[in-house]
Amino acid sequence: MSRIQRFSIGNPINTEAVVQNLPKEKGDFGYFTRIQDVELKSDENSQETMIQKDYLLYRMDEKDRIYGLGENVRGINKRGWIYESNCTDDPYHMETKHSLYGAHNFFVVSGKETFGAFLDYPGKLVLDMGYERMDEIRITPEDWNLDLYIIEADSILEIVKAFRQLIGRSYIPPKWAFGFGQSRWGYQNEGDIRAVVKGYRDNGIPLDSVYLDIDYMEGFKDFTVNEERFPDFPKFVEEMKQEHIHLVPIIDAGVKIEEGYEVYEEGVKQGHFCKDQAGKEFVGAVWPGKVHFPDVLDKKARKWFGGKYKVLMDQGIEGFWNDMNEPAIFYSQKNLEKVMKEIKSIKNDNMDMWDVFAFKDLVNGLANNPEDYKSFYHNMDGTRICHDKVHNLYGFGMTRAAGEAFEELEPEKRILIFSRSSYIGMHRYGGIWMGDNQSWWQHLLLNLKMLPSLNMCGFLYTGADLGGFGGDVTEDLLLRWTALGIFTPLMRNHSALGTREQECYQFTRIETFRRLIGIRYGLMPYLYSEYMKAALRDEMLFVPLAFAYPDDEHAKAVEDQLLLGESIMIAPVYTQNALGRYVYLPEPMKLVRLKSMDQIETEVLGQGHYYIEIALDEVVFFIRPEKIVPYTQPGQYMGDCQEKELKLLDFVSKTAEYELYQDDGYGKDYGNSSHITKVCV
Ligand code: GLC
């Protein structure tokens, strides 16, 4: 049994994050108390200043844990840091940061009292999870207009399920989008793409998609294709389809300001762009140079922008990724002018250190400047709203524009869409990728830790840039990261312009890459079934051990292993030069060691702590008691595995059943019970 209470404070903006309209409770704030007081703070000169405080307080017990907050830095247990919901384009995902690209204000406190809390608030929200004081949660919105949902149930998993029902069913991509994808910022033309496909096919490494980054566009203009680089784009898309490759183009939030560019001219004429204080189109700058931002929070503008995806769909495209939609602003016209003036005022022949620092700060402060976010407006249902009040909804709006358009243009077909920025609610329209990570070992671990937190917030179709986006990857990092990627719904290798070439065939251990990615395809009957069941039943795909073994103190502390679906536990290697890693088994499990789908060894282990050796060319996972894992032989692409014989791995003492989910991978009749077959041991 679960119970959800809604506490409405002030006059909240309707974000459409939730799909149930719950009555408003009167009075208090559930488990929280609103604290309004003044604190005196003294500086190093003993000067005292008064600080106004106004926040929601929850006092924690010594052993309370906090889970959730979606895409974020730090641990699975979020206690002990201060987070800010403020969607930000920042490629350095370090533990000192407070925000990444998404705003996912749902968390569960587990301990003395166990409950879930969702703060439906689209502006900047500070979530102090035991930073100012180790025993206090302090939540501070910028203004007091928000909906607070408190969710109670018998277990964390049930709380999460009740929350997921509140926010609606998660997005389901086409099945080919579970195949392996190769991406890189810098593929310039048809020739580059053909070379990638050839690199994979010639080496027998499975591949289902190649991503087109901004270089495919004409002058970085959305919904255009550079005709010199792609002289006959529809024909090329078709040629790739013949090779069983889906091309997935990027779409950016900013629309280039350029006379004669249809999207720009139409948007201005029909009033679809965000406006400044004076009612003129706001000018920011991103990859194309100066741009306007479509007002995706306005229904009409959203429909207009969404309709533009048709231009590429008409040329055979079946999937997209939405980028730069925090929205990222490299600079705004207005702020650039201001900064140039200030720089002139400090410029002299004898600039001292402080002048130089001031100069540096001025230049660095040009990008994603909070003042810019305060200087443009949206039209939400006829009301003019300043962007900073709804900042966290922009990526949601953009992806919703696409999702709503797909629904209209292709009602029977699944279209792939994932976004960089997001807010809860967007999970119904698309997935997300984890943004511009780095080729760092710690980002492999961060990738793992974000999975369950994202699942809690409804985001099931997700994954990180395998190998890391920024920086030069090493072969061992790519091997280990690929071994984790086998299990993430989005499995895409992506890297930045100017970094080391990162396609699997560029390295020496091509045979190992072939086998590792083959394991992904081989395990697809299990991985796809578990994804579909999690989506259709509002459940998590990746579950922290703490949720499944709530009475096991060791399990509760584990931050680097996850349950994946009902049958398995994963424990990837995430340190360089490691021979293997320590693993905790909360119950007896069957270790499965794979070099390929033909070379499988198993060993039954009792409950306890182990050091498990895992070589660079191996994947290890563990089967839980009385559970089954269906698998098959890999093919070179998703459709190629379909027909192959189904086999079973199991850790079953007498008999057990597994619900296998199968469908055509394209249609939307997911609910049909004929998609589930029971397989037995
Ligand atoms: C952004 C995206 C990245 C992309 C780049 C160029 O940084 O996050 O994935 O490659 O822009 O479009």
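These numbers come from a predicted model, not from an experiment. As the structure lists them, so they are numbered: ligands from 1, and atoms in each ligand from 1.
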For ligand 1, which is the ligand I care about here, please tell me if Asp465 has any N or O atom under 3.5 Å from one of the ligand's N or O atoms.
no

NZ or CZ of Lys175 within 45° of Tyr528 ring axis and under 6.0 Å:
yes

Can Glu318 and Lys241 be counted as an ion pair, charged N to O under 4.0 angstrom?
yes

Between Trp185 and ligand 1, is there a nitrogen or oxygen pair with a distance under 3.5 Å?
no

Heteroatom distance test (Trp321, ligand 1): nitrogen or oxygen, under 3.5 angstrom
no

Give the atoms of ligand 1, by number and element, whose distance to some non-hydrogen atom of Arg420 is under 4.0 Å.
1 (C), 2 (C), 7 (O), 8 (O)

Is the ring centre of Tyr505 less than 6.0 Å from the ring centre of Tyr200?
yes

Which of Glu95, His98, Met129 passes side chain to side chain contact (heavy atoms under 4.5 Å, CB included) with Trp81? Answer is His98

Is any side-chain N of the basic residue among Arg194 and Glu239 closer than 4.0 Å to the acidic one's carboxylate O?
yes

Give the numbers and elements of all ligand 1 atoms closer than 4.0 Å to a heavy atom of Trp287.
6 (C), 11 (O), 12 (O)

Does only the side chain of Trp433 get under 4.0 Å from ligand 1, or the backbone, or both, or neither? Count heavy atoms.
side chain

Parallel, tilted or perpendicular: which fits the ring planes of Phe293 and Phe376, with parallel below 30° and perpendicular above 60°?
parallel

Do Asp372 and Lys334 sit within salt-bridge range, that is, some charged N less than 4.0 Å from a carboxylate O?
no

Heavy atoms only: which of Asp89, Asp213, Asp252, Val286 is nearest to atom 4 (C) of ligand 1?
Asp213

Measuring from the heavy atoms of Met324, does anything fall under 4.0 Å of ligand 1?
yes

Ion pair present between Lys308 and Asp222, side-chain N to carboxylate O less than 4.0 angstrom?
no

Do Arg492 and Tyr211 meet the cation-pi criteria used here (NZ or CZ under 6.0 Å from the six-membered ring centre, within 45° of the axis)?
yes

Ligand-residue contact atoms, ligand 1 with His494, heavy atoms, under 4.0 Å:
3 (C), 4 (C), 9 (O), 10 (O)

Heavy-atom distances under 4.0 Å decide this one: backbone, side chain, both or neither, for Tyr211 against ligand 1?
neither

Short version for Ile250: what comes under 4.0 Å of ligand 1, heavy atoms counted, is side chain

Taking atom 8 (O) of ligand 1 as the point of reference, which of Asn325, Leu212, Asp436, Asp215 owns the nearest heavy atom?
Asp436

Which residue supplies the protein heavy atom nearest to atom 1 (C) of ligand 1, what is that atom called, and how far is it?
Asp323 OD2, 3.0 Å

